[in-house]
Amino acid sequence: MSSYPPDLKARLKSSYDAIAPTYNAWTTAHSSLRTQYLSKLLALLPRNESQSTPLAVLELGCGAGIPVTETLASSPDGLAIHVTANDLSSTQIALGQARLAPHADRVTWLPGDMMGLDFADGSFDAIVALYSVIHLPREEQDILMGRIAKWLKPGGVVLVNFAGEDVKEATIEKWLGCDEGWMFWSGWGAEATLEKIKGGAGLEVVLGEVVKEQEDVDAAFLWVIAKAPAL
Ligand SMILES: C[S@@+](CC[C@H](N)C(=O)[O-])C[C@H]1O[C@@H](n2cnc3c(N)ncnc32)[C@H](O)[C@@H]1O
């Protein structure tokens, strides 16, 4: 039996709306793994000389765009990219819009629950979701990975991180020391998650490794890069 609250998404939205400035200050100092894995993803994206159409990238749970949306929208490695950036927190979306104003033509912002999104099959060259899928109940994580597999173009790639351990539900009342920082995480653990990505979603796992966070964060996440089958 699940014990997470029926208003889980509303509670998470309200928490991230409240803690956005604290989270963003904290995350700026903890960006190195994200940058490292994003580079690995970018190296797998198709390159053609003229690139008349920007590559289409979806980001789920983008926060205020630090550092992923901002990197993607800034033509990394000379790649023209259009980012569809989703987040549950309207405060984070507003902060992201202000921060990325110089790249406004490169980002479409989609506020709301990522489980409410719907795209045509084969819409994206790549999808990124960092430290965000962990906030979905794990049954929803399975459904989402199946959708991601469909939303990717043939040969498209996804970068996502998950809980490294089997955690049905973990909650904390005051995450990052914030009075309004109630938080929820969930995951199947590394081995089961990788099996589900391969067997359930039908993606090819390019990379799947559990990595300990930086010194002052006592957690390890499963980092996955996976590929949709080519036609
Ligand atoms: C830990 S932050 C990560 C933000 C950013 N991806 C990063 O790497 O710093 C988690 C983000 O996921 C968002 N989020 C949580 N549940 C979500 C959901 N169901 N749909 C969309 N975004 C969600 C939160 O609002 C928050 O901005």
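Summarising the geometry, atom OH belonging to Tyr4 is positioned 14.0 Å from atom CZ belonging to Arg11; distances are rounded to the nearest 0.5 Å. The distance from the CG atom of Asn86 to the CG atom of Leu117 is 4.5 Å, given to the nearest 0.5 Å. Rounded to the nearest 0.5 angstrom, Leu100 CG and Thr69 OG1 are separated by 6.5 Å.
What you find for Phe124 and Val57 is that their closest heavy atoms are CD2-C, 3.9 Å. Listed here is the closest heavy atom pair of Ala73 and Val83: N-CG2, 4.1 Å. Of all heavy-atom pairs between Ala149 and Ala201, the closest is CB-O, 3.4 Å. Minimum heavy-atom separation, Ile19 to Cys178: CG2-CB, 3.5 Å. Here the closest non-hydrogen pair linking Leu95 and Ala64 is CB-CB, 3.9 Å. When all heavy atoms of Gln141 and Val133 are compared, the pair lying nearest together is NE2-O, 3.1 Å.
Annotation for Glu165: atom CD does not count as buried by contact number, only 12 or fewer foreign heavy atoms lying within 6.0 Å. Counting non-hydrogen atoms of other residues, nucleotides and ligands closer than 6.0 Å to CD of Glu191 gives a total of 12 or fewer. Counting non-hydrogen atoms of neighbouring residues, nucleotides and ligands closer than 6.0 angstrom, the CG atom of Asp7 exceeds 12 such neighbours.
Not a single donor-acceptor pair under 3.5 Å links the side chain of Ser186 to the backbone N or O of Glu169. Checking side-chain atoms of Thr171 against main-chain N and O of Phe184 turns up no donor-acceptor pair under 3.5 Å. The backbone N or O of Asn24 lies less than 3.5 Å from a partner atom in the side chain of Thr28, making a donor-acceptor pair. Remark: side-chain polar atoms of Asp87 are paired, donor with acceptor, to backbone N or O of Gly63 under 3.5 angstrom.
Sorted by first and then second residue, the salt bridge (charged side-chain N to carboxylate O under 4.0 Å, His left out) pairs with a member in residues 14-32 read Lys13-Asp17; sequence neighbours excluded. Among pairs with a residue in residues 205-231, those fulfilling ring pair (Phe, Tyr, Trp, His ring centres under 6.0 Å) read Tyr37-Trp223, Tyr131-Phe221, Tyr131-Trp223, at least two apart in sequence or across chains. For residues 117-136, the salt bridge (charged side-chain N to carboxylate O under 4.0 Å, His left out) pairs, not counting sequence neighbours, are Asp125-Lys153. Contacts classified as salt bridge (charged side-chain N to carboxylate O under 4.0 Å, His left out) and involving residues 58-81 (residues at least two apart or in different chains) are given here: Arg47-Asp77, Glu70-Arg99.
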*Verdict with supporting geometry, Leu45 and Leu79, side chain to side chain contact (heavy atoms under 4.5 Å, CB included)*: CA-CA 9 Å; Leu45 292 181; Leu79 283 172; 4.1 Å; yes
*Please assess Thr71 against Thr35 for the test side chain to side chain contact (heavy atoms under 4.5 Å, CB included), listing each intermediate value before the final yes or no.*
CA-CA 9 Å; Thr71 304; Thr35 308; 6.0 Å; no
*Walk me through it: do Lys9 and Met115 pass the test side chain to side chain contact (heavy atoms under 4.5 Å, CB included)?*
CA-CA 10 Å; Lys9 305 297 173 82; Met115 294 306 292; 3.8 Å; yes
*For side chain to side chain contact (heavy atoms under 4.5 Å, CB included), just list the numbers for Leu72 and Leu38, CA-CA rounded to whole Å, side-chain angles, deciding distance to a tenth of an Å, and then say yes or no.*
CA-CA 9 Å; Leu72 291 170; Leu38 187 60; 4.1 Å; yes
*asked:* Under the criterion side-chain hydrogen bond (donor to acceptor under 3.5 Å, both in side chains), I'd like the reasoning laid out for Thr27 against Arg34: C-alpha separation, chi angles, the key distance, then a yes or no.
replied: CA-CA 10 Å; Thr27 204; Arg34 275 169 284 188; 2.7 Å; yes
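Two residues are said to be in side-chain contact when any heavy atoms from C-beta on lie closer than 4.5 Å; Pro21 and Trp26 fail this criterion. Taking the side chain as every heavy atom from C-beta outward, Ser123 and Leu58 never approach each other to under 4.5 Å. Residues Ile81 and Pro54 form no side-chain contact, since every pair of their non-hydrogen atoms from C-beta on lies 4.5 Å or further apart. Considering only heavy atoms from C-beta on, Leu222 stays 4.5 Å or farther from Glu209 through its side chain.
Looking at residues two or more places apart in sequence or on another chain, you find a side-chain contact (heavy atoms from CB on, under 4.5 Å) between Ala228 and Leu152, Leu203. For Glu204, there are no salt bridge (charged side-chain N to carboxylate O under 4.0 Å, His left out) partners, not counting sequence neighbours. Every side-chain hydrogen bond (donor to acceptor under 3.5 Å, both in side chains) that Trp188 has, sequence neighbours left out, goes to Asp142. For Arg147, there are no side-chain hydrogen bond (donor to acceptor under 3.5 Å, both in side chains) partners at least two apart in sequence or on another chain. When the salt bridge (charged side-chain N to carboxylate O under 4.0 Å, His left out) test is applied to Asp179, the partners found at least two apart in sequence or on another chain are Lys174. In terms of the side-chain hydrogen bond (donor to acceptor under 3.5 Å, both in side chains) criterion, Ser39 has no residue partners (sequence neighbours excluded). Applying the salt bridge (charged side-chain N to carboxylate O under 4.0 Å, His left out) rule to Lys150 yields no partners; only residues at least two apart in sequence or on another chain are considered.
A continuous path of Ile, Leu, Val, Met, Phe, Trp and Tyr side chains, each step under 4.5 Å between heavy atoms, connects Leu130 with Tyr23, placing both in one hydrophobic cluster. The hydrophobic cluster containing Phe162 does not contain Leu207, counting ILVMFWY residues as joined when their side-chain heavy atoms lie under 4.5 angstrom apart, directly or transitively. Each of Leu41 and Ile148 belongs to its own hydrophobic cluster when Ile, Leu, Val, Met, Phe, Trp and Tyr are linked at side-chain heavy-atom distances under 4.5 angstrom. Hydrophobic clustering keeps Leu12 apart from Val167 (ILVMFWY residues linked when any side-chain heavy atoms are closer than 4.5 Å, directly or through intermediates). In this structure, Val157 is a member of the same hydrophobic cluster as Leu159, with clusters built from ILVMFWY side-chain heavy atoms closer than 4.5 Å.
Among the candidates Leu8, Asp113, Leu60, the single residue satisfying the side chain to side chain contact (heavy atoms under 4.5 Å, CB included) test with Leu136 is Asp113. Evaluated for a side-chain hydrogen bond (donor to acceptor under 3.5 Å, both in side chains) with Tyr16, the options Glu180, His135, Gln92 yield exactly one hit, His135.
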Which pairs would a plain distance check flag for residues 102-112, meaning a side-chain donor or acceptor within less than 3.5 Å of a matching protein atom at least two apart in sequence or in another chain?
residue	atom	partner	partner atom	Å
Arg106	NH1	Ser75	OG	3.4
Thr108	OG1	His82	NE2	2.8

